[in-house]
> 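Quick one: structure below, then a few questions.
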Amino acid sequence: MKKILVIDDEPDITSSVKNGLERKGFEVHTHNDPMKALEDFKPDVYDLMLIDIRMPKMNGFELYREIKKKNDSKAKICFFTAFEVYYDEFRKMFPSLEVKCFIRKPITISDLVTHINSELERK
């Protein structure tokens with residue numbers, strides 16, 4: 001069973017994503033506070049992380065940078081955003097990392113599963 005970590009400051013989103021993905025066979029852990037998510041984070045546990053970009057205290061890019069410092073070599077990443085795609089901003093912060101998974105909110109669980117499976121299959 002693939003493990004997914006969802007970090008979004010909106011409890012309604014984490015709850016609905018968790019419920020939907022668990023019905024599709026994923027194990028899902030959620031956090032609504034990026035600082036708490038970072039504090040609780042354990043490397044090499046998750047197959048994929050879904051991280052909201054705009055959150056209070058720490059945005060998704062900053063959170064990802066801190067998670068990478070914890071030497072997580074396993075997890076793949078997809079960023080959630082209800083706004084424009086932040087790929088150019090991400091490339092400036094992480095020029096050596098290849099992250100191309102940016103998911104626009106709102107999204108159906110079916111489409112989300114398609115994105116997740118595509119990212120998990122990527123080498």
Side-chain angles (χ1 to χ4, degrees):
M1 181 179 295
K2 298 293 184 181
K3 292 183 182 179
I4 310 293
L5 175 62
V6 179
I7 305 166
D8 193 302
D9 60 311
E10 296 181 46
D12 291 350
I13 290 176
T14 54
S15 177
S16 63
V17 168
K18 178 180 175 66
N19 292 333
L21 291 180
E22 285 178 343
R23 284 194 309 271
K24 297 292 186 178
F26 294 95
E27 180 179 334
V28 182
H29 299 167
T30 63
H31 279 283
N32 298 113
D33 180 338
M35 302 299 282
K36 179 74 172 136
L38 182 59
E39 180 183 315
D40 292 348
F41 185 78
K42 292 178 181 46
D44 298 320
V45 170
Y46 300 101
D47 297 291
L48 185 122
M49 294 178 284
L50 295 172
I51 301 177
D52 186 28
I53 293 174
R54 287 193 176 179
M55 296 183 286
K57 302 179 194 168
M58 176 183 285
N59 72 41
F61 295 148
E62 294 164 335
L63 176 59
Y64 181 60
R65 180 175 47 225
E66 294 304 312
I67 285 172
K68 291 306 283 182
K69 287 179 184 177
K70 292 182 178 240
N71 293 319
D72 189 292
S73 60
K74 180 182 178 185
K76 297 184 179 212
I77 179 92
C78 286
F79 288 107
F80 262 153
T81 182
F83 304 96
E84 66 276 3
V85 174
Y86 286 88
Y87 185 72
D88 291 336
E89 184 180 334
F90 178 82
R91 296 299 306 151
K92 288 176 191 168
M93 291 178 74
F94 304 101
S96 64
L97 293 177
E98 284 297 317
V99 173
K100 298 198 181 201
C101 187
F102 289 84
I103 298 171
R104 292 282 309 245
K105 294 187 283 187
I107 187 169
T108 65
I109 291 299
S110 177
D111 286 345
L112 182 56
V113 168
T114 299
H115 276 286
I116 289 170
N117 286 333
S118 174
E119 196 61 26
L120 290 173
E121 290 169 5
R122 197 181 302 243
K123 300 251 186 290

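The shown structure was predicted, so the numbers you read here are calculated from the model rather than taken from an experiment.
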> Is a donor on one side and an acceptor on the other found under 3.5 Å between the side chain of Ser15 and the backbone of Pro11?
no
> Taking atom CD1 of Ile51 and atom OG1 of Thr81, what is their separation to the nearest 0.5 Å?
13.0 Å
> Between Lys3 and Val45, is any pair of side-chain heavy atoms under 4.5 Å apart?
yes
> When clusters are formed by joining ILVMFWY residues with side-chain heavy atoms under 4.5 Å apart, either directly or through shared neighbours, do Val6 and Leu38 land in the same one?
no
> Rounded to the nearest 0.5 Å, how far does CD1 of Ile103 lie from CG of Asp52?
11.5 Å
> What about Ile67 and Ile77, same hydrophobic cluster or not, with Ile/Leu/Val/Met/Phe/Trp/Tyr joined at side-chain heavy-atom distances under 4.5 Å?
yes
> Linking I/L/V/M/F/W/Y whenever their side-chain heavy atoms sit closer than 4.5 Å, directly or via other members, would Ile13 and Met35 fall into one cluster?
no
> Less than 4.5 Å apart, any side-chain heavy atom of Lys24 and any of Leu112?
no
> Evaluate the criterion side chain to side chain contact (heavy atoms under 4.5 Å, CB included) for residue pair Lys105 and Asp8; output intermediate values, then yes/no.
CA-CA 11 Å; Lys105 294 187 283 187; Asp8 193 302; 2.8 Å; yes
> Can you give me the closest heavy-atom contact between Thr14 and His31, atom names plus distance?
CG2-O, 3.7 Å
> What's the shortest heavy-atom distance between Ile53 and Asn59, and which atoms?
O-CB, 3.1 Å
> Distance check, rounded to the nearest 0.5 Å: Ser16 atom OG versus Ile107 atom CD1?
11.5 Å
> Output the distance between atom CG (Asp12) and atom CG (Asn32), rounded to the nearest 0.5 Å.
9.0 Å
> Between Lys57 and Asp9 (salt bridge meaning N to carboxylate O under 4.0 Å), is one present in this structure?
no
> Side-chain contact test, heavy atoms from C-beta onward, threshold under 4.5 Å: evaluate it for Phe41 versus Leu5 and give yes or no.
yes
> Does a side-chain heavy-atom distance below 4.5 Å link Leu21 with Leu50?
yes
> Can you hop from Met58 to Phe80 via hydrophobic side chains spaced under 4.5 Å?
no
> Using a 3.5 Å distance criterion without hydrogens, assess whether the side chain of Lys18 forms a donor-acceptor pair with backbone atoms of Val28.
yes
> Which atom names give the shortest non-hydrogen contact between Pro34 and Pro56, and what distance separates them?
CG-O, 3.4 Å
> Do Glu39 and Asp33 have side chains that get closer than 4.5 Å, going by heavy atoms?
no
> How about NZ on Lys2, more than 12 heavy atoms from neighbouring residues, nucleotides or ligands closer than 6.0 Å, or not?
no
> Do the side chains of Met55 and Phe79 join up, straight or via other hydrophobic residues, at under 4.5 Å, putting them in one cluster?
yes
> Side chains of Cys78 and Ile116: does their closest heavy-atom pair fall under 4.5 Å?
no
> Hey, what do you get for SG (Cys101) to CE (Met49), rounding to the nearest 0.5 Å?
11.5 Å
> Under a 4.5 Å cut-off applied to non-hydrogen side-chain atoms, are Asp47 and Phe26 in contact?
no
> Are any of the side-chain heavy atoms of Thr30 and Val17 separated by less than 4.5 Å?
no
> Can you confirm whether Arg23 is buried at CZ, in the sense that more than 12 heavy atoms of other residues, nucleotides or ligands lie under 6.0 Å from that atom?
no
